[in-house]
Amino acid sequence: MKKRILSAVVVLVLFAGVLAGCISGHGTQEAKLNIMDDNYRNYYEIFVGSFYDSDGDGMGDLKGVEEKLDYISDLGCNGIWLMPIMPSPTYHKYDTTDYEAVDEAYGTADDFKELASACHEKGIRLIIDVAMNHSSSQHPWFTQACEYLAGLKAGEKPDDTVCPYVDYYHFSDKQEGTTYYAVPGSSSWWYEGSFWSEMPDLNLKSPAVQKEFEEVADYWIDLGVDGFRMDAAMHYEENATNANCDILNKLYTYCKEKNPQFYMVSEVWASENVIADYYASGTPSMFNFDAGTAKGALVNAVRKGDPVSLVNSMLKYQNDFSQKNPDYIDAPFLSNHDMARIANTLVNDPDKIKTAAGLLMTMNGSPFVYYGEEIGMNSSGTKDENKRIPMVWSKTDTTGMTKGPADMDAGIESPFPAEDEQEKDKDSILSYYKNALRLRNQNPEIARGTIEKVESLCKDSQAAITKTYQDSTIGIVYNLGEENGTVDLKGTALENMNLQGSLTLKEETVQLKDRKLEMPACSIAVLK
């Protein structure tokens, strides 16, 4: 009897050892989550009008976003970025007519307040787009300034004590370049509109304009917003990094006084060294356009099967960004509303799409996922509307489906199934995203850790790093080759670590045996 009990114990111990050394991408589901309540988040970017329609009018709305909070949370995201929701004459709403209101097509201020509250109940932070580089040409500030200027006599100088709004924009009595347009009703005055004639540039150096945006911040913080995404931050003052950093810092400092946990992420669509310069603003995050985009470090690593290049980029970001702001939080992404979707960039190759997602989710900071990216949605061409098509919840059930932008092209379809079908398939792109985000949420070191390169394991299609956060160190090992590979951990910082979880393209397994990792093609392993 004793021999049978001992034999059973030995079998159980051996079985447990096999489990510990053989964890697939699907097996990560069983490990415990370790989500920290700070400004490191996994963000989901939403174009509200194309996301989910709660009332059947064909337009996505704030209540629709609220209805899908469980989906976003189950995906593994605990932050949401709403693209512009303020009143605007355009579909994209980047030209604002009222900074202290919700566009009626999307709902009401009460709807926003309810959404923010529902997000907070689920541990989700909610940030909104603030397009303050320019307003709409229909904003009362601009229309009143133009009416005043058009009424001036020849040679008469404007008086901001009579019309304060003449100091709110870049007006001139001569056309100073191709981005200057004639003031309506006047042949003597011009205004700057660096993006478009109907987007007049605001004078953000003006104390009065700065005060206006402090009041805008008050309004949204009182409604429950947790942060701002700052549009076109490098264009506040053209070719003036220091001035732009000062503008960002002033608004961020003001918001932090209202809410110490306030978060800000800014769009600085530029090279890595320019992005680094903007961290001197003291604001936490800049979108990492060096890592994202069709020619960025993430896509480059996937296309070439070269994780070493990505590791080197990670180290460069860590070094350059931290020199300007030791408390920086990187904001990497694969695609956004201004570019071709990642599925198009990777020519609808599901393995490459998954691998790109896996790499993104092992980067430091707060990764951003553009809605539909997680199901391989497509875009088409360069037309903006074609990058913001309706979220494909189902191809058979029209509940919640939106009509999308009026001027988008018809017939833009993805070769991949809709969300409801991918939910049922454990090998789908959606399932991979869930696994990748879950692995990230199990290991806070991934987002927050200081990176060190394991030089001896970085060669060809394989690479390894460690990340240390507080008193905990993990290892991340990449095999981006098209064949299975073995990584010998002996004599490295990883040799005494155990396998925590892994990401594989299908139901293959990563195995750790005798301090050697056996890794399928295009797989990622996390050790501790």
Side-chain angles (χ1 to χ4, degrees), residues 33-55 59-86 93 99-103 105-130 216-231 252 255-256 258-265 284-285 329 331 333 336-337 365-374 391 393 400 402 419 433-434 437-438 440-441 444 447:
L33 297 180
N34 187 12
I35 299 173
M36 305 185 73
D37 188 19
D38 58 13
N39 272 336
Y40 285 85
R41 299 268 153 175
N42 306 319
Y43 275 95
Y44 192 73
E45 177 192 357
I46 297 175
F47 177 62
V48 176
S50 290
F51 191 59
Y52 193 83
D53 171 22
S54 72
D55 56 13
M59 174 67 73
D61 45 47
L62 295 179
K63 285 188 175 295
V65 175
E66 185 176 350
E67 286 190 34
K68 286 297 180 179
L69 290 184
D70 282 343
Y71 169 78
I72 294 167
S73 183
D74 290 346
L75 180 62
C77 291
N78 56 355
I80 292 172
W81 157 26
L82 299 181
M83 290 171 62
I85 61 171
M86 300 168 193
K93 306 194 188 307
Y99 286 97
E100 296 182 23
V102 171
D103 194 298
Y106 287 175
T108 66
D110 284 341
D111 292 339
F112 181 86
K113 197 170 184 178
E114 290 174 11
L115 171 60
S117 178
C119 284
H120 297 157
E121 287 177 8
K122 293 183 178 296
I124 297 171
R125 298 265 176 95
L126 182 64
I127 69 173
I128 61 170
D129 227 311
V130 177
V216 170
D218 290 342
Y219 175 83
W220 290 102
I221 291 172
D222 288 345
L223 285 182
V225 84
D226 297 296
F228 292 156
R229 180 263 183 185
M230 306 304 294
D231 179 61
Y252 178 63
C255 294
K256 285 269 287 184
K258 299 267 298 184
N259 173 9
Q261 296 301 312
F262 194 86
Y263 178 66
M264 182 179 282
V265 57
S285 293
I329 300 173
F333 64 96
N336 66 21
H337 60 278
S366 295
F368 282 73
V369 175
Y370 187 36
Y371 82 95
E373 200 169 84
E374 74 278 15
M391 174 70 178
W393 296 106
T402 70
E419 183 275 330
Y433 262 87
K434 286 186 174 185
L437 280 158
R438 188 171 186 87
R440 186 178 184 86
N441 287 333

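- We find the CD1-CD1 distance between Ile80 and Ile128 to be 13.0 Å, quoted to the nearest 0.5 Å.
- Using modelled atom types, one side-chain atom of Asp111 and one backbone atom of Thr108 make a donor-acceptor pair closer than 3.5 Å.
- Side-chain rings of Tyr370 and Phe47 stay apart, their centers remaining 6.0 Å or farther from each other.
- In this structure, the side chains of Asn259 and Val225 stay at 4.5 Å or more apart for every pair of heavy atoms.
- Each of Glu373, Arg229, His337 was scored for a side-chain contact (heavy atoms from CB on, under 4.5 Å) with Glu45, with one residue passing: His337.
- At a threshold of 4.5 Å between non-hydrogen side-chain atoms, the residues Asp53 and Asp61 count as touching.
- When side chains are defined from C-beta on, Glu100 does not count as touching Asp218, because their heavy atoms never get closer than 4.5 Å.
- You'll find the side chain of Met264 reaches within 4.5 Å of the side chain of Pro284, heavy atoms only.
- In this structure, CE in Met391 is found 9.5 Å from CD1 in Ile46, a value given to the nearest 0.5 Å.
- One finds the CD1 atom of Ile124 at 10.5 Å from the CG atom of Asp226 (value rounded to the nearest 0.5 Å).
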What pairs of donor and acceptor atoms, side-chain ones from residues 68-77 against any protein atom, are under 3.5 angstrom apart with sequence neighbours left out?
{"from": "Asp70", "atom 1": "OD1", "to": "Lys122", "atom 2": "NZ", "distance (Å)": "2.5"}
{"from": "Tyr71", "atom 1": "OH", "to": "Glu374", "atom 2": "OE2", "distance (Å)": "2.6"}

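- For the side-chain contact (heavy atoms from CB on, under 4.5 Å) with Leu126, the lone residue among Phe112, Trp220, Trp81 that qualifies is Phe112.
- Classification of the Tyr43-Phe368 ring pair by plane angle, with boundaries at 30° and 60°, yields parallel.
- In this structure, Trp393 has its ring center under 6.0 Å from that of Phe51.
- Remark: Met59 CE to Thr402 OG1 distance equals 8.5 Å, nearest 0.5 Å.
- The CG atom of Leu62 lies 11.0 Å from the CG atom of Asp110; values are rounded to the nearest 0.5 Å.
- Without hydrogens or angle criteria, Tyr106 side chain to Gly60 main chain gives no donor-acceptor distance under 3.5 Å.
- Looking at heavy atoms from C-beta onward, Tyr263 lies out of side-chain contact with Arg125 at the 4.5 angstrom threshold.
- The two residues Pro367 and Arg41 make their nearest non-hydrogen contact at CD-O, 3.4 Å.
- Not a single donor-acceptor pair under 3.5 Å links the side chain of Ser285 to the backbone N or O of Val265.
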From CA spacing to verdict: ring-ring contact (aromatic ring centres under 6.0 Å, His included), Phe262, Phe228:
CA-CA 8 Å; Phe262 194 86; Phe228 292 156; 5.0 Å; yes
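- Without hydrogens or angle criteria, Asn42 side chain to Asn78 main chain gives no donor-acceptor distance under 3.5 Å.
- Residues Lys93 and Met83 have side chains not in contact (no heavy-atom distance under 4.5 Å, counting atoms from C-beta outward).
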